[in-house]
Amino acid sequence: MQNNGIFITISGLDGSGKTTVQNKMQKLLSELSKKEILCMDGLKPLRYTNVLRNYAAKEKKDVFELFGEISLFSFALSLIDNYVNVIKPALEQGKIVISHRNDMCCKAYTQLRDNDNKVMPILTELLKVYPKADLHLYCAADVDTVMKRIELRAKSGYVPSINEDYEHLICIQKNYDILLMEQYSYVEVIDTSGSNKGMLDQTLCNILTEKIGSRL
């Protein structure tokens, strides 16, 4: 079936503004296009990962400690599962899909725990089935800004993941920087530090018009 939809993906650190950008994109696209828009988290509902998480919770252990490399693959499998069963059919129906998290996110976070580099070569091959998006946005916010946002969320009852501390975020940021240079040079990098919200709106509008305006 011909794909008449538009696939937009968003990546970046936890707390970098991915959800904010997704919401702004949805609003802009609803004004620019008559296509139906589907916003989603590219990993959720984490079908495979949650099987491991639930078992680890019963054992009162960390999922990475208990399952090691298997847990890393589970995220990639959940991502692919979501693409095959949700995103691809939506695109074939002509919808605009905005996916918060994608293959680059999966690689950046996997590298954090793949100390022996055993998983990444296989995972990279596995993720080849995940297509290049029509538009891929990377939310660039420094780690200090991200940490402040995570700490603010925590005050409202949010429980940070084991990856959401300064040391881990620095490592993930470095992983993203390498991926942006080596595999994802086509990605649109946008400033989501929050210093100028009006500028972010204008930037997103300009990118949409330039990159996919003719398809809207």
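Position 1 is the first residue of the sequence, and the numbers go up from there.
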S.K.: Please determine which of Leu28, Leu137, Ile212 meets the side-chain contact (heavy atoms from CB on, under 4.5 Å) test together with Ile207.
M.R.: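 Considering Leu28, Leu137, Ile212, a side-chain contact (heavy atoms from CB on, under 4.5 Å) with Ile207 is found only for Leu137.
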S.K.: Assess whether side chain to side chain contact (heavy atoms under 4.5 Å, CB included) is satisfied between Asp134 and Ile8, documenting all intermediate values.
M.R.: CA-CA 6 Å; Asp134 298 295; Ile8 300 172; 5.7 Å; no
S.K.: Hey, is the main chain of Ser16 close enough, under 3.5 Å, to the side chain of Thr192 for a donor-acceptor pair?
M.R.: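 Yes: the side chain of Thr192 pairs with the backbone of Ser16.
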S.K.: Under 4.5 Å between side-chain heavy atoms, hopping through other hydrophobics if needed: is there a path connecting Ile6 to Leu204?
M.R.: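 Yes, one cluster joins them.
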S.K.: Do Leu77 and Leu126 have side-chain heavy atoms sitting under 4.5 Å apart?
M.R.: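 Yes, close enough: below the 4.5 Å cut-off.
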S.K.: Within this structure, what is the CZ-OG1 distance for the pair Phe75 and Thr110, rounded to the nearest 0.5 Å?
M.R.: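 Interatomic distance, Phe75 CZ to Thr110 OG1, rounded to 0.5 Å: 8.0 Å.
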S.K.: Just so I know, are the side chains of Phe67 and Leu72 near enough to count as touching, which here means a heavy-atom distance under 4.5 Å?
M.R.: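 Not touching, per the 4.5 Å side-chain cut-off.
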S.K.: To the nearest 0.5 angstrom, please state how far the OG atom of Ser74 sits from the CG atom of Asn50.
M.R.: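 These two atoms lie 8.5 Å from each other.
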S.K.: Is a side-chain N or O of Ser33 found less than 3.5 angstrom from the main chain of Leu29, in a donor-acceptor match?
M.R.: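 Looks like no, no N/O pair under 3.5 Å.
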S.K.: Does a donor on one side chain and an acceptor on the other come within less than 3.5 Å for Thr145 and Asp142?
M.R.: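 Yes, because at least one side-chain N or O of Thr145 sits under 3.5 Å from a partner of the opposite role on Asp142.
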S.K.: Do Phe7 and Ile87 have side chains that approach each other closer than 4.5 Å (heavy atoms only, starting at C-beta)?
M.R.: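 Yes, their side chains come closer than 4.5 Å.
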S.K.: Quick one: which residue pairs count as a salt bridge (charged side-chain N to carboxylate O under 4.0 Å, His left out) with a foot in residues 28-43, not counting sequence neighbours?
M.R.: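 Found Lys27-Glu31, Glu36-Lys95, Asp41-Arg101.
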S.K.: I need the minimum non-hydrogen distance between Asn115 and Leu112, along with the two atoms involved.
M.R.: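 Where Asn115 meets Leu112 most closely, the heavy atoms are OD1-O, 3.9 Å.
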S.K.: Examine the side chains of Asn82 and Tyr130 and answer whether a donor and an acceptor come within less than 3.5 Å of each other.
M.R.: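 There is no such pair (donor and acceptor under 3.5 Å, judged by atom type) between the side chains of Asn82 and Tyr130.
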S.K.: Applying the side-chain contact (heavy atoms from CB on, under 4.5 Å) test to Tyr109, which of Asp14, Leu43, Asp114 qualifies?
M.R.: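 Going through Asp14, Leu43, Asp114 one by one, the side-chain contact (heavy atoms from CB on, under 4.5 Å) with Tyr109 is satisfied by Asp14 alone.
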S.K.: Look at the side-chain heavy atoms of Ile, Leu, Val, Met, Phe, Trp and Tyr, link any pair under 4.5 Å apart, and say whether Tyr184 and Leu13 land in one connected group.
M.R.: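 Yes, it is one cluster - the side chains of Tyr184 and Leu13 are joined through contacts under 4.5 Å.
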S.K.: So, taking the atom named CG in Leu216 and the one named OG1 in Thr209, what distance separates them when rounded to the nearest 0.5 Å?
M.R.: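 These two atoms lie 8.0 Å from each other.
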S.K.: Measuring only between side-chain heavy atoms, which start at C-beta, is Ile70 closer than 4.5 Å to Leu52?
M.R.: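 Yes - at least one pair of side-chain heavy atoms lies under 4.5 Å apart.
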S.K.: Rounded to the nearest 0.5 Å, how far does NZ of Lys118 lie from CD of Glu69?
M.R.: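 Going from the CD atom of Glu69 to the NZ atom of Lys118 covers 5.5 Å.
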S.K.: Please find the pair of heavy atoms, one from Arg149 and one from Ala141, that lie closest to each other, and give the distance.
M.R.: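 Taking every non-hydrogen atom into account, NH1-CB, 4.2 Å.
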S.K.: Going by atom types alone, do Asn4 and Arg215 pair a side-chain donor with an acceptor below 3.5 Å?
M.R.: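 There is no such pair between these side chains.
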S.K.: Are the side chains of Val86 and Val97 in contact, using a 4.5 Å heavy-atom criterion?
M.R.: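 Not in contact.
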S.K.: Give, for atom OH of Tyr83 and atom NZ of Lys88, the distance between the pair rounded to the nearest 0.5 Å.
M.R.: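 It comes to 5.5 Å.
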S.K.: Run the side chain to side chain contact (heavy atoms under 4.5 Å, CB included) test on Ile10 and Cys139 for me, step by step, so that the C-alpha distance in whole Å, both residues' side-chain angles and the decisive distance to 0.1 Å come before the verdict.
M.R.: CA-CA 7 Å; Ile10 305 169; Cys139 298; 3.6 Å; yes
S.K.: Can you tell me how far the OG atom of Ser71 sits from the CG atom of Asp62, to the nearest 0.5 Å?
M.R.: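 Rounded to the nearest 0.5 Å, the OG-CG separation comes out at 8.0 Å.
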S.K.: Is there a side-chain contact between Ile122 and Phe73, using heavy atoms and a 4.5 Å cut-off?
M.R.: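 SC-SC contact between Ile122 and Phe73 confirmed.
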S.K.: Is there a chain of hydrophobic side chains (I, L, V, M, F, W, Y, each step under 4.5 Å between heavy atoms) that links Met181 to Val187?
M.R.: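 In one cluster: no.
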S.K.: Would you say that Val63 contacts Thr49 through its side chain, given a criterion of any heavy-atom pair below 4.5 Å between the two side chains?
M.R.: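 With C-beta onward as the side chain, the pair stays apart.
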S.K.: Test Leu208 against Leu135 for side chain to side chain contact (heavy atoms under 4.5 Å, CB included), laying out the working first.
M.R.: CA-CA 8 Å; Leu208 281 175; Leu135 176 61; 4.0 Å; yes
S.K.: Considering all heavy atoms of both residues, which atom of Ser11 and which atom of Lys18 are nearest to each other, and what is their separation?
M.R.: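 So the two residues come closest at C-CD, 3.6 Å.
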S.K.: Tell me, do Leu127 and Leu79 make a side-chain contact under 4.5 Å, heavy atoms counted?
M.R.: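 In short, these two side chains touch, coming nearer than 4.5 Å.
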S.K.: Run the salt-bridge test on Glu151 and Lys148 with the 4.0 Å N-O cut-off and return the result as yes or no.
M.R.: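 Between Lys148 and Glu151 there is no salt bridge, as every charged N stays at least 4.0 Å from the carboxylate O atoms.
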S.K.: If you compare all heavy atoms of Ala56 against all heavy atoms of Leu66, which two are closest, and at what distance to 0.1 Å?
M.R.: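 Looks like CA-CD2, 3.8 Å.
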S.K.: Using the side chain to side chain contact (heavy atoms under 4.5 Å, CB included) rule, take Cys39 and His100 through it: C-alpha gap first, then chi angles, then the decisive distance, then the call.
M.R.: CA-CA 8 Å; Cys39 287; His100 162 187; over 6 Å; no
S.K.: What pair of heavy atoms forms the shortest contact from Leu169 to Met147, and how long is it?
M.R.: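 That would be CD1-SD, 3.4 Å.
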S.K.: Side chains of Asp144 and Tyr166: donor-acceptor distance under 3.5 Å anywhere?
M.R.: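 Note: Asp144 and Tyr166 side chains meet the donor-acceptor criterion.
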S.K.: So, does Gln111 use its side chain to make a donor-acceptor pair with the main chain of Asn117 at under 3.5 Å?
M.R.: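 Answer holds: no.
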S.K.: Which atoms form the tightest heavy-atom contact between Gly12 and Cys105, and what is the distance?
M.R.: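 Residues Gly12 and Cys105, closest heavy atoms: N-SG, 4.0 Å.
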S.K.: As a quick check of understanding, evaluate side-chain hydrogen bond (donor to acceptor under 3.5 Å, both in side chains) for Lys107 and Gln183, giving each step before the final call.
M.R.: CA-CA 11 Å; Lys107 291 177 184 178; Gln183 300 179 36; 2.8 Å; yes
S.K.: Linking I/L/V/M/F/W/Y whenever their side-chain heavy atoms sit closer than 4.5 Å, directly or via other members, would Leu46 and Val129 fall into one cluster?
M.R.: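 In one cluster with Leu46: Val129, yes.
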S.K.: Is Ile190 reachable from Val143 through a run of hydrophobic residues whose side-chain heavy atoms are each under 4.5 Å from the next?
M.R.: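 Result: no, two separate clusters.
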S.K.: Go through Asn206 and Gln202 one step at a time and tell me if the side-chain hydrogen bond (donor to acceptor under 3.5 Å, both in side chains) criterion holds.
M.R.: CA-CA 6 Å; Asn206 291 342; Gln202 187 59 53; 2.9 Å; yes
S.K.: Could you check Tyr158 against Glu164 for side-chain hydrogen bond (donor to acceptor under 3.5 Å, both in side chains), going step by step and ending with a plain yes or no?
M.R.: CA-CA 12 Å; Tyr158 172 78; Glu164 294 176 323; 2.8 Å; yes
